[in-house]
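Just below is one structure, and these are the notes that go with it.
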Amino acid sequence: ESSPHLPAPKDVMVYSYNFRSSLRWSPVEVDRGLVLYTVHFKTGAFNQWDEMNCTSITRTECSFPWSLKERRWTVVLRVRAELGQVTSDWVETDPFVAERNTTIGPPKVNSVIVSSDSLLISVTPPFGSEAGDSLQYHVSYWENATSTTKKETKTSNTLFKIGNLKELTLYCFRIQVELMTHSDLQLLGLQSVPECYRTTIS
């Protein structure tokens, strides 16, 4: 009896957040039996498929191994479904370059010290930086009463001050990271959730 053709995985996508990347896909539905999946990768430098520590796995996600941590590499992945001896066609991804295609999350706000005319803000970057990286923090802030007029400031320090504020006034701010890499790529991250603080009286 001829074995039925196994459908290939769908929705095959690389998800990458703060340079942590994985391949995900939708499960292949069959009437009976357990569908397994195998993932391969190749880099732009070597046109040869390699195993990716995800061979005959049951889950529908495969994290990038440490060997693929180079952000500038071009990586192509492929996945197929397996049921017993039957395999589906391979599904390939578009070329992925972490330095271009990752999503950068917002920085973490560690502390805010409030005075009568300023907010002193301490942040932690969303990922560990590499040689040649330059991080800039884009800070937008506004008086809560007049939230239409926002002011912007940029800094590369993880401790910075928003100054010239009115006393006893509620101010809100949000921050996003801009990464400049040594190959002159600019990647703008997601904005943080607004945080609001009332200045004190002098």
Side-chain angles (χ1 to χ4, degrees), residues 11 13-24 59 61-75 77 93-202:
D11 311 315
M13 286 276 295
V14 175
Y15 284 82
S16 184
Y17 189 75
N18 290 337
F19 297 105
R20 287 196 286 276
S21 308
S22 66
L23 185 70
R24 298 180 190 174
R59 62 186 186 280
E61 178 172 8
C62 176
S63 296
F64 280 33
W66 188 240
S67 59
L68 286 184
K69 71 179 193 305
E70 287 297 331
R71 300 179 189 171
R72 296 187 301 281
W73 284 2
T74 301
V75 182
L77 301 111
T93 64
D94 290 332
F96 170 81
V97 182
E99 195 173 67
R100 266 190 226 124
N101 305 123
T102 198
T103 299
I104 294 179
K108 176 175 179 283
V109 177
N110 300 318
S111 64
V112 178
I113 298 171
V114 180
S115 69
S116 60
D117 64 351
S118 69
L119 302 176
L120 184 65
I121 302 169
S122 158
V123 297
T124 304
F127 55 87
S129 59
E130 291 189 351
D133 283 355
S134 146
L135 282 186
Q136 275 217 321
Y137 298 95
H138 292 235
V139 186
S140 68
Y141 61 98
W142 60 95
E143 258 182 75
N144 208 24
T146 61
S147 58
T148 47
T149 53
K150 290 190 179 180
K151 291 185 178 169
E152 301 272 340
T153 179
K154 276 187 194 181
T155 176
S156 52
N157 299 322
T158 54
L159 182 67
F160 53 87
K161 185 181 273 192
I162 300 176
N164 297 330
L165 305 181
K166 301 177 197 163
E167 53 185 56
L168 286 179
T169 305
L170 191 65
Y171 285 92
C172 301
F173 66 85
R174 55 196 306 174
I175 311 171
Q176 65 191 135
V177 174
E178 182 179 28
L179 170 67
M180 320 271 289
T181 63
H182 53 284
S183 42
D184 287 339
L185 281 166
Q186 287 165 292
L187 209 55
L188 198 56
L190 303 173
Q191 286 194 321
S192 63
V193 177
E195 294 191 25
C196 302
Y197 295 86
R198 188 177 297 280
T199 50
T200 58
I201 194 159
S202 57

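Note that the numbering runs from 1 along the sequence shown for the chain.
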Using only atom types and a distance under 3.5 Å, with no angle test, would you say the side chain of [X] pairs donor to acceptor with the backbone of [Y]?
X	Y	answer
T199	T169	yes
Q186	M180	no
T93	L77	yes

Distance-minimising heavy-atom pair for [X] and [Y]:
X	Y	value
A98	F19	O-CE2, 3.6 Å
K161	L120	CB-CD1, 4.1 Å
R198	V114	O-CG1, 3.1 Å
E167	I201	OE2-CG1, 3.4 Å
G128	R71	O-NH2, 3.2 Å
G105	P126	O-CG, 3.4 Å

[X] side chain near [Y] side chain, heavy-atom distance below 4.5 Å:
X	Y	result
T200	S116	yes
L165	Y141	yes
N101	S16	no
T181	R72	no

Count the heavy atoms of every other residue, nucleotide or ligand shown that sit under 6.0 Å from NZ of K151, and state whether that count exceeds 12.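 No, NZ of K151 has 12 or fewer neighbouring heavy atoms, counting only those of other groups under 6.0 Å.
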Does CZ belonging to R174 count more than 12 external heavy atoms closer than 6.0 Å?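 More than 12 within 6.0 Å, yes.
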Rounded to the nearest 0.5 Å, how far does [atom2] of [Y] lie from [atom1] of [X]?
X	Y	atom1	atom2	value
L188	Q176	CG	CD	4.0 Å
L190	Y17	CG	OH	5.5 Å
Y137	I121	OH	CD1	12.5 Å
I162	I175	CD1	CD1	7.0 Å
C196	Y171	SG	OH	12.5 Å
D133	L187	CG	CG	10.5 Å

No-hydrogen, no-angle side-chain donor-acceptor test under 3.5 Å, S22 and E61: yes
Short side-chain donor-acceptor distance under 3.5 Å, N110 and T124: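 There is such a pair between these side chains.
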Which class fits the ring pair Y197 and F173: parallel under 30°, tilted 30 to 60°, perpendicular over 60°? parallel
Have a look at F96 and tell me which of Y15, F64, W73 forms a ring pair (Phe, Tyr, Trp, His ring centres under 6.0 Å) with it.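 Testing each of Y15, F64, W73 against F96, the sole residue satisfying ring pair (Phe, Tyr, Trp, His ring centres under 6.0 Å) is F64.
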Any chance you could lay out the side chain to side chain contact (heavy atoms under 4.5 Å, CB included) test for I104 and N18, step after step, and finish with the verdict? CA-CA 5 Å; I104 294 179; N18 290 337; 4.0 Å; yes
